[in-house]
Amino acid sequence: MGTLNPYQPPVSRLSEALSAELGGDCWRDGKDLVVRPGCTLPGRCIKCNEPAELPLRHARFYWHHPALYLVVFAGLLLYLVIALFVRRRTPVTLGLCARHLRRRRANLAVASVGAMLGLGVIAMGVQRDVLPVTFAGIALMLASLMFGIVGSRLLVVTRIGENYTRFRGAGADFLATLPAFYRTR
Ligand SMILES: [Zn+2]
């Protein structure tokens with residue numbers, strides 16, 4: 001974080017090198033969680049810092065450069081194939097407390113029911129040949145899928161670099177327990 005200084009040279013490479021020298025494999029950097037791929041986070045909930053339910057969860061996160069989304073305009077399939085090849089992967093072992101585990105499962109259940117209902121409405125619309133009903137079903141299904149994706153995600157990857165992965169979405173209390181990612185001022 002810190003204030004913006006136009007005379008400050010780019011420091012990200014330097015700070016990454018220094019953090020590597022200091023050891024460890026997970027840090028906080030403002031609101032970001034910064035990890036080395038394959039790291040195991042402390043056994044506390046990444047959202048609220050309460051003790052995590054054991055065993056900890058093995059999660060895999062993917063990222064590619066955002067510019068790749070432009071390929072979607074050339075074709076969704078082309079984008080999917082390229083993204084599959086160029087995406088980077090970071091496995092992380094992390095914890096959630098009982099409360100956040102329950103909330104995640106509840107969100108997934110709501111999303112599943114919503115998607116199923118949407119499918120039913122689509123079928124009804126198609127069967128009775130009523131276009132607005134079909135579209136309502138499609139909207140309900142897409143909304144349920146989005147809700148499921150957002151409601152069940154553990155962390156949001158903002159970048160996977162050569163040595164470090166950055167996440168948003170970890171709780172402030174959890175981040176406060178991690179050492180700070182080295183930053184020159
Ligand atoms: Zn929690």
Side-chain angles (χ1 to χ4, degrees), residues 1-3 11-12 15-16 18-66 68-69 83-84 87-119 139-185:
M1 307 292 274
T3 49
V11 293
S12 64
S15 62
E16 289 188 353
L18 284 169
S19 276
E21 227 160 78
L22 292 173
D25 57 6
C26 56
W27 302 267
R28 69 185 147 86
D29 188 7
K31 286 182 176 174
D32 285 1
L33 167 67
V34 183
V35 307
R36 268 198 247 269
C39 92
T40 297
L41 292 175
R44 296 184 308 274
C45 177
I46 54 169
K47 301 295 181 188
C48 68
N49 206 38
E50 292 295 307
E53 291 284 287
L54 295 175
L56 296 181
R57 319 170 67 80
H58 299 291
R60 230 177 254 146
F61 298 92
Y62 298 92
W63 181 87
H64 64 63
H65 195 281
L68 186 58
Y69 286 121
L84 206 61
R87 67 181 181 172
R88 292 178 171 176
R89 195 180 70 132
T90 291
V92 175
T93 303
L94 51 80
L96 283 178
C97 67
R99 187 165 63 93
H100 277 104
L101 266 178
R102 268 201 309 275
R103 184 186 294 184
R104 184 163 183 266
R105 287 199 194 115
N107 285 347
L108 278 172
V110 168
S112 309
V113 170
M116 233 106 85
L117 269 176
L119 210 60
L140 177 59
M141 202 163 99
L142 288 179
S144 301
L145 289 177
M146 283 306 295
F147 180 80
I149 289 169
V150 172
S152 69
R153 67 187 174 187
L154 297 161
L155 294 166
V156 180
V157 185
T158 54
R159 183 181 151 74
I160 297 184
E162 290 289 313
N163 303 307
Y164 297 95
T165 298
R166 279 177 179 273
F167 294 104
R168 275 294 161 94
D173 289 344
F174 177 79
L175 286 175
T177 65
L178 302 181
F181 196 66
Y182 191 91
R183 217 155 233 266
T184 52
R185 301 230 171 238

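In listed order, ligands and their atoms are each counted from 1. Both backbone and side-chain heavy atoms feed into the values below; hydrogens, waters and symmetry mates do not.
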Thr165 OG1 to Arg36 CZ distance, which is reported to the nearest 0.5 Å: 11.0 Å

All heavy atoms of Phe61 vs all of Leu155, minimum pair found to be CE2-O, 3.7 Å

Protein N, O or S atoms less than 2.8 Å from the Zn ion (ligand 1), ignoring waters? Cys45 SG, Cys48 SG, Cys97 SG, His100 ND1

Checking Arg60 side chain against Pro91 main chain: does a donor-acceptor pair fall under 3.5 Å? no

I need the single residue from Phe167, Trp27, Phe181 that forms a side-chain contact (heavy atoms from CB on, under 4.5 Å) with Val35. Which is it? Phe167

Between Arg166 and the options Asp32, Thr158, Thr90, the side chain to side chain donor-acceptor pair (under 3.5 Å) test singles out Asp32

Are any non-hydrogen side-chain atoms of Asn107 and Phe147 less than 4.5 angstrom apart? yes

